[in-house]
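Structure first, commentary second.
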Amino acid sequence: MTDPQPDPNAVAPTVKDLETIVSLSKRRGFVFPSSEIYGGINAVWDYGPLGVELKNNVKRAWWRAMVQERDEIVGLDSGILMHPQIWVTSGHVAEFNDPMIECATCKRRYRVDEFAGTEDLGPKDLLDPETVARLGLVCPNDGGPLGAPRRFNLMLKTFLGPVEEEAAVVYLRPETAQGIYVNYRNVRDTARKKVPFGIAQIGKAFRNEISPGNFVFRMREFEQMEMQYFVRPETAADTFEGWLPRRKAWYEAYGVAPERLRFREHRPDELAHYAKKAVDVEYRFPFGWKELEGIHNRGDWDLGRHSKESGENLEYFDQATGEHFIPWIVETSAGADRAAFTFLIDAYREEEVRGEKRVVLGFHPDLAPYKVAVLPLLKKRPEIVELCHRIKDDLKRHTMAVYDDTAAIGKLYRRQDEIGTPWCVTVDVDSLDDGNVTVRDRDAMMQERISADQVTRYITDRLDAARPHGL
Ligand code: ATP
């Protein structure tokens, strides 16, 4: 099922070039290249002071919608390292690979499916040596000839224990889902859950991507936010359809423009080894429509395989009907980094205000790294500075607030606009007489005078009112 869509090419991204976002991220402390003083390491990125706040807020918003506000979904935090047999059983050792080609001259390697003209090819064609000649593919780096495609397994390996031998190989998990499947019985029994119920997990995953890139879109170390929903087999198809609008609505509720989101269903020859049906939520990135989140009907593949290979009974007993069955699984699998990146890009806007360019990150208040900046109109007046700190310290008991006096007020406002702070509180000379301060709204740029004593209440009320519920 694909949503009725307008011409996808007609939907413009918020920024034409990714560079605008990459440089803002670096300049303001959202994202830094990892290991930069050593020249960096490909496809690993570090989150700076603002980035870590944004990503934590994204993860909290997801957890709130998936666990906190739902009775039938509980959380889990399983290990990154697991018994290596899990990845054999799950099919990842045999199947988790991308078709890769290598340039005969410069030796660079590429994913076949990232070349123009391969969009509609299935896995067989992507691995067919004829495809390279038929499409006239050459190395994008030096124009050299490309070899025959072959499979490249994406899992990263390491050794557990003091001996580096084959028997000690373990994998860094390429998805968080398997940790949920192997804990399914523990959670079911301890949380006393009856189907349908779900288990949610946020955590690191690792993939040795062949051609990473587009900033934090495709990394080798990243975080996933996955939820596995265990259902009766005959209800899986409906459950799947139910999660699609809910997951799209989550991105919209936190500010992503609906016209830059769409569903895309996987063709049968494109389906992952475990999937019966798969639909991606896609976003219109500056580099095209790309997957933001995958929603999969995994059938009984996972629990069936784990049950067989481990010899443990993972069947569910339905007391009401007296039936035993392996639950089917509907999964929603999102990337925390990709979601944070999307919220960051989609929030970006440039405006002209009184003849000057204003850059704004129009974050949903719940996602904004700082909720409030407290600013003095005159930093030379100690009473003003002291009142600023008093207001800021009180706010900090509830939320992220910051004090800044390193520029004139106009510049301080612009700085906060550029990092998406929804409110600024300004203390001036009059505040010392009447006890009132100015609250400025980032988007409307309206200013309101309120009592200094009421600032914390005002901000926490606004945050509460803005927070989406029941997603
Ligand atoms: P792609 O087709 O882009 O390689 P995928 O189909 O392999 O992605 P899934 O296995 O469905 O992706 O992973 C679920 C989610 O995890 C993705 O929708 C994405 O948000 C996130 N994700 C996957 N791989 C990466 C990566 N290399 N870097 C950042 N996030 C990722």
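Atoms within a ligand are numbered from 1 in the order they appear, just like the ligands themselves. Just so you know, these numbers come straight off a predicted model, no measurement behind them.
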_Parallel, tilted or perpendicular: ring planes of Y181 versus H306, cut at 30 and 60 degrees_ = tilted

*Should the ring pair F363 and F30 be called parallel, tilted or perpendicular, given that the plane angle runs from 0 to 90° and is split at 30 and 60?*
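Aromatic pair F363/F30 classed tilted.
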
*Reference residue D366; test side-chain hydrogen bond (donor to acceptor under 3.5 Å, both in side chains); the match among R64, R60, K371*: R64

Output the list of atoms in ligand 1 that are nearer than 4.0 Å to some heavy atom of [X], sorted by atom number.
X: E209; value: 24 (N), 26 (C), 27 (N)
X: E293; value: 18 (O)
X: H296; value: 11 (O)
X: L292; value: 18 (O), 20 (O)
X: R111; value: 4 (O)
X: F217; value: 28 (N), 29 (C), 30 (N)

_CZ/R192: more than 12 non-hydrogen atoms of other groups inside 6.0 Å_ = no

*Step through the shown structure and confirm whether more than 12 heavy atoms of other residues, nucleotides or ligands are within 6.0 Å of CD on E130.*
no

_Nearest non-hydrogen contact with atom 13 (O) of ligand 1 belongs to which option: R338, Q224, E282?_
Q224

Identify the protein heavy atom lying closest to [atom], giving its residue, its atom name and the separation to 0.1 Å.
atom: atom 28 (N) of ligand 1; value: M219 N, 2.9 Å
atom: atom 7 (O) of ligand 1; value: R207 NH1, 3.0 Å
atom: atom 21 (C) of ligand 1; value: G335 CA, 3.8 Å
atom: atom 6 (O) of ligand 1; value: E291 OE1, 3.1 Å
atom: atom 30 (N) of ligand 1; value: F222 CD1, 3.5 Å
atom: atom 14 (C) of ligand 1; value: S333 OG, 2.9 Å
atom: atom 4 (O) of ligand 1; value: R218 NH1, 2.8 Å

[X] side chain vs [Y] backbone, donor-acceptor pair below 3.5 Å:
X: S90; Y: W87; result: yes
X: R220; Y: E209; result: yes
X: E350; Y: V359; result: no

_Do E72 and K194 make a side-chain contact, defined as non-hydrogen atoms from C-beta onward lying under 4.5 Å apart?_
no

